[in-house]
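Reading through the structure tokens given below for one structure.
Atoms within a ligand are numbered from 1 in the order they appear, just like the ligands themselves.
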Amino acid sequence: MPHRKKDRLSIERRAQAPEADALRLGTGWTKADLEKPWTLIECSGGDSHPCSVHLSDLARVARDGVIEAGGAPSIHYCTDMCDGIAQGTEAMSYSLASREVLAMASELHAQAGHFDGAIFISGCDKSVPAHLIAAARLRIPAIFMPGGVMQAGPSDTTLDMVGTYYSRYRRRAMTRKDYQFYRTHACPTAGTCAFLGTANTMQILSEALGMALPGSALLPAGYMLQARIARRTGNTVLKLFDKRLTAERILTQEAIENALVVLAAISGSTNALLHLPAIAHELDLEFSLETVSKINNRVPVILNVRPTGSHPASMVWAAGGVPAIMRELREYLHLDALTVTGKTVGENLAQLEKEGFFQNRPRFLENYSLGKIDIVRPVTDPLKDTGGLAVLWGNIAPDGAVMKRSAVEKEMMHFTGKARVYDNPADALEAIYEKKIRPGDALVIRYQGPRCNGMPEQYYVTEAIASDRILSRSVALITDGRFSGGSKGPCVGHVCPEAADGGPIAAIEDDDLILIDVENGRLDLVGADGEEESEAEIDRILKDRLQNLPEHRPPARTGLLALYTENCAPANLGGYMR
Ligand code: FES
């Protein structure tokens, strides 16, 4: 039976024990529990959205697992916001800041409760990275349980398709009845929206990082398999405690690189390039956009899931989930990286192979007349030859910018467009609706970075461009804000330094010429007043304009947004709070 760590039985602890123990016994613990490893179960369960609505049930099963393995569990809650509900409104400015709040709430619960180890349970965009950040920060034995995925709706409808259906309905290309039907059933179960947005990307990466049990990411929410994983997660945290296998021994440089390889191969959300550096920062690990670029230039996309591919994300687990993806990627991975099983990535894969996992799991796909190869392709016959993401640098983005290369039409991979500049997304959206944005325009939306207004996603602008057959092939979006994982089209985000920090994006004017060259990783101002200029002249123009920038006054902030915008790191470092 595992016991609490000796150094926790310190003079301090003995002094506070009479009152503190009485309080713990008041939560239902027994006297024997006081001598067992104190295990925090941090859960983002709540009625906030489908990603979190079922998680308290899983937390209770994980608690059974902790008790079974000889620990003393204590469930603490802090639910997360829904980006989908906040999208397109001022509320979206809270999204990235909410990651910090959730990480701090976890830190608070773990430290204030003197816990020896922790289980984290969450499923959505910000809660998953927040819990991984907290695990890294706390440096205690910790394990993550991904919240699982939603089933697709009728005709494989996923949430990211509802906006397109709405546009069709407005164009009278879909009946009101049909539109209403799909909207009503787009989110038919609990779990993460069934396309490869940020939430599913981060669930997959939690497993790729070694922090979640093999095969646990993207299980269908509500399947009994999830309850089994929750119970095993409860058992496993006690084993971590026994081995003193703390989060920093798992979240290593190799683990971050493994996550980047998987991110490239699944064509995951660009938001992961905010979350992985924030996790790396907690452990003083290196993270550079140069490494991201190199990995994406050599790792192919092998996951055939929406929005890059064709199938809903609810098919991934049936194809063998993250183990099937990592098995295909073996040659690119650090197979000796340690995981929460106490074994390495390579040993976990070998174990699953021995158990027949890779043969058996895809049998679920037979229900849909699909095979594993339809969802997870071999690296020798990939969906795309290079990784899903690209990093661009240039005189507009000296510290880098990112884009989802796999979601860009061929003709937009090399593009020179005329700048149309907006300082907020609502004006840009109106301009698109009023047909002021024309083929060949480069739409610039700035003052959207973390230090200006929390870095909201520009989903509705990207959706308005992507759902227009002509604009999606002829207009690019450039912003110091970010994008939803479901965004499609030629969108360059995270432009750094951001406008509010005096970055060159603040100096762009209408009719400037902007070059996007994805293959060569360039984002440059190449002309002014509609005319190309020499490099020396562009340097002079930028210098001059930056010296004479008109003052930009961000809206007055109070509370959380004031705290976040005043204290966050730039986007290329992860936007964490310093
Ligand atoms: Fe979390 Fe849709 S509610 S991804």
Side-chain angles (χ1 to χ4, degrees), residues 43-58 77-89 91-92 94-96 98-99 101-102 120-132 144-153 156-166 182-207 217-222 226 263 266-272 274-275 305-308 311-317 404 456-457 459-460 462-463 482-488:
C43 176
S44 70
D47 290 340
S48 44
H49 52 145
C51 276
S52 296
V53 74
H54 60 305
L55 297 183
S56 8
D57 291 343
L58 292 176
Y77 292 104
C78 182
T79 200
D80 45 355
M81 65 176 273
C82 179
D83 283 7
I85 292 172
Q87 200 67 256
T89 70
M92 199 58 204
Y94 283 89
S95 170
L96 195 52
S98 78
R99 180 191 72 184
V101 173
L102 289 158
F120 295 94
I121 304 178
S122 56
C124 206
D125 295 31
K126 301 302 165 304
S127 48
V128 178
H131 283 171
L132 294 170
F144 179 76
M145 158 122 199
V149 70
M150 184 187 282
Q151 291 296 313
D156 269 355
T157 296
T158 51
L159 185 71
D160 57 321
M161 294 158 81
V162 177
T164 313
Y165 291 163
Y166 182 58
Y182 286 118
R183 191 182 66 164
T184 306
H185 299 290
C187 298
T189 68
T192 308
C193 297
F195 61 98
L196 197 70
T198 308
N200 283 324
T201 297
M202 291 312 298
Q203 284 197 33
I204 289 174
L205 296 192
S206 70
E207 198 178 315
L218 268 60
L219 286 177
Q226 264 209 313
L263 176 65
I266 63 172
S267 188
S269 165
T270 48
N271 283 323
L274 290 163
H275 304 321
V305 162
R306 290 179 50 75
T308 300
H311 297 285
S314 45
M315 293 293 114
V316 174
W317 75 280
K404 199 180 226 188
E457 292 179 351
Y459 179 70
Y460 288 116
T462 59
E463 192 54 24
R482 62 193 176 95
F483 304 117
S484 151
S487 292
K488 300 175 280 291

Give a yes or no on whether C51 keeps an N, O or S atom under 2.8 Å from atom 1 (Fe) of ligand 1.
-> yes
Please confirm if an N, O or S atom belonging to C82, backbone or side chain, lies less than 2.8 Å from atom 1 (Fe) of ligand 1.
-> no
Of the protein's non-hydrogen atoms, which lies at the shortest distance from atom 3 (S) of ligand 1, and what is that distance?
-> H49 ND1, 3.1 Å
Could you walk me through whether F195 and V305 pass the side-chain contact (heavy atoms from CB on, under 4.5 Å) check?
-> CA-CA 7 Å; F195 61 98; V305 162; 5.9 Å; no
Is the closest side-chain heavy-atom distance between M202 and D125 below 4.5 Å?
-> no
Looking at side-chain heavy atoms only, is the closest gap between L55 and S44 below 4.5 Å?
-> yes
Which value, rounded to the nearest 0.5 Å, describes the distance between C193 atom SG and D83 atom CG?
-> 10.0 Å
Can you tell me how far OG1 of T198 sits from NZ of K126, rounded to the nearest 0.5 angstrom?
-> 5.5 Å
Near [X], which atoms of ligand 1 are under 4.0 Å from a heavy atom of that residue?
X    : result
T192 : 4 (S)
C124 : 1 (Fe), 4 (S)
A199 : 4 (S)

Checking heavy atoms under 4.0 Å, the part of C193 that sits near ligand 1 is both
More than 12 foreign heavy atoms under 6.0 Å from OH of Y77: is that the case here?
-> yes
